[in-house]
There are 2 protein chains.
Amino acid sequence: MTRSDNIVLALSPIDEDLKLAFTVDCVIFGYDNDDLKVLTIECNMDPFMGMISLLGDFITQDEDADSAAKRILKYCTGNEDIFLEEVKSFSKPDRHPFGRVITIAFYSLVPISLTKLTDSADKHLKWVSVDEITEMAFDHKEILDNCLYQLRKSLREKPIGFELLPKKFSLKQLQTLYEVVLGIELDKRNFRRKLRSLNILIDLEERQQEVSHRPAKLYKFDEHSFEKKSSDGLKFEI
Amino acid sequence: MTRSDNIVLALSPIDEDLKLAFTVDCVIFGYDNDDLKVLTIECNMDPFMGMISLLGDFITQDEDADSAAKRILKYCTGNEDIFLEEVKSFSKPDRHPFGRVITIAFYSLVPISLTKLTDSADKHLKWVSVDEITEMAFDHKEILDNCLYQLRKSLREKPIGFELLPKKFSLKQLQTLYEVVLGIELDKRNFRRKLRSLNILIDLEERQQEVSHRPAKLYKFDEHSFEKKSSDGLKFEI
DNA sequence: TCAAAAGTGTTCAGGATACACCCATGG
DNA sequence: CCATGGGTGTATCCTGAACACTTTTGA
């Protein structure tokens, strides 16, 4: 996979008569330093030259949209086992200057600190704070906005916040994540009581290291327990 | 538009080299006689000959997926102003026997009693109870299941139940709709109090006619009031 | 006057919210 | 011993759930 996998550059899978192509675009959200970011690549195609764009690629003949998205994630991070959710399609006839390019948007979640971008991808990619993004190539800003909306919705309905954090995290980190992504303030005691009552965290009996104050206890997400509770009809709601 | 608009029959927009085509499929939900139904068309293509299928069509060069879905709705009902929500894409490489056909699934809601199927569509189409459907052509049963799931979710989060009822309806009708679609029982008094507190119904000061018991009061949905409340952050939740 | 469905209030429990102080650690 | 962030409990309010009888109409 080369840089030409940026759909901006790869032309071959576009049928020249119908000018029809089918792609996926991934909004890869990362979280680091109490900040929500998106993985971007610089666009080198007029009229969007120099603007940032999302990671996307054609869907090949032998894969479905989901697999294509996973392939992009693996290309960027070397990892396939990443949270991924389909959001919606974007298919305005004039959305792409090369012709009819219909795309399915996904968003995915990674903790930036644990995510080494692969060598091949590294030099082209950039994490950009969501707040700082005012425009993107193509209709990618619109795609980002839709995915961000969906992320916020899902974050309140399903326990996916953990996907953005390191395996071990403190309750404070988790709370800040919710506050940053949702753009709201949460009460510390109520937040903790809520999570305690959900019973989906495992106390690791460990503490933060090398902090100049009382170190926080560390937890991990109890995926197994959640799956069980979930099928019993647990209502996750923050 | 002819019957060949059923994607099963129309071949031309499939590129013969790439075998790539792009379609929409509509799960058109209708409600009648306290029963949730889906509009279907008989499939006349092997290996699905005789099975029911969803209403679908190619996306043309000058429309987006949404417009294609609306076009299908207009073809079937003569009406364009119908509730429509995109659900997800279906893109398994082998999902269609003719080649690579990627589809975007939508569901829409109509009150069957108010929906005259257009003459051209009428003879081919059939309303089938959701409960009775065990198999469909292609992966349409999977599409239906996904759309039904999404309908149930949205029905609890947004005031869309009205889309399935006549303009004027009784509270009993509305409650039964929720009970039928969600497959649950609701308490009459709690349900009515809930609706009262939401303040999104207009009392028409009218009553049912020609029923052999005390006639129920009729209401209509106050779309304007809801829009206002919604932007003020009303949490609709049933 | 009967059958059939419409319509209405109260109580209780559990979850959501608001709120302030002590604790542990490193420097 | 001080600065910094970690950690905890209680009182109140509100919403959701459970529950039974009276009213109106047509036949």
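Chain identifiers are assigned alphabetically (A, B, ...) following the order of the sequence lines, protein sequences preceding nucleic acid strands; residue numbering begins at 1 within each chain. Small disclaimer: the values here were computed from a predicted structure and weren't measured.
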Quick one: [X] [atom1] to [N] [atom2], roughly how many Å, whole number?
| X | N | atom1 | atom2 | answer |
| --- | --- | --- | --- | --- |
| K172(A) | dT4(D) | NZ | P | 14 Å |
| D187(B) | dG7(C) | CG | C1' | 13 Å |
| E210(B) | dA6(C) | CD | P | 16 Å |
| R193(B) | dA6(C) | CZ | P | 18 Å |
| E185(A) | dT17(C) | CD | C1' | 14 Å |
| Q208(A) | dG6(D) | CD | P | 7 Å |
| N190(A) | dT8(D) | CG | P | 14 Å |
| R189(B) | dC19(D) | CZ | P | 10 Å |

Check your understanding: Are K92(B) and F90(B) in a cation-pi contact, defined as NZ or CZ under 6.0 Å from the six-membered ring centre and within 45° of the axis?
Key ->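 The answer is no, since K92(B) fails at least one limit relative to F90(B).
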**Study point:** Whichever of V211(B) and Y219(A) has its nearest DNA chain D nucleotide further upstream toward 5'
**Key:**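 Between the two, 5'-proximity favours Y219(A).
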Practice item. With the side chain of R214(B) defined as its heavy atoms from C-beta on, choose the nearest nucleotide among dG27(C), dT23(D), dG6(D). Key: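 Of the candidates, dT23(D) comes closest.
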Review point. What's the closest nucleotide to the H213(A) side chain, out of dA5(C), dA17(D), dG6(D)?
Key: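 Of all the options, the side chain of H213(A) is nearest to dG6(D).
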Point to revise | Side-chain donor/acceptor of K194(B) to base of dG16(D), under 3.5 Å | key: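 Such a pair does not exist between side chain and base.
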Check your understanding: What nucleic acid atoms does K217(B) come within less than 4.0 Å of, heavy atoms only: base, sugar-phosphate, or nothing?
Key ->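 Result for K217(B) = sugar-phosphate.
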Check your understanding: Of F162(A), Y31(A), F221(A), Y219(A), which is the lone residue that meets ring pair (Phe, Tyr, Trp, His ring centres under 6.0 Å) with F169(A)?
Key ->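 When F162(A), Y31(A), F221(A), Y219(A) are each tested with F169(A), the ring pair (Phe, Tyr, Trp, His ring centres under 6.0 Å) holds only for F162(A).
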Review point. What is the distance from atom NZ of K217(B) to atom CG of L204(B), rounded to the nearest 0.5 Å?
Key: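 Here the interatomic distance stands at 10.0 Å.
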**Study point:** Upstream residue (5' side of DNA chain C) when S212(A) and R196(B) are each assigned their closest nucleotide
**Key:**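 That would be R196(B).
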Point to revise | Distance-only donor-acceptor check, side chains E85(A) and S154(A), under 3.5 Å | key: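 Looking only at side-chain atoms, S154(A) and E85(A) do form a donor-acceptor pair, the distance falling under 3.5 Å.
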Practice item. Scan side-chain atoms only and decide if S53(B) and E42(B) contain a donor-acceptor pair under the 3.5 Å cut-off. Key: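 Short answer, no.
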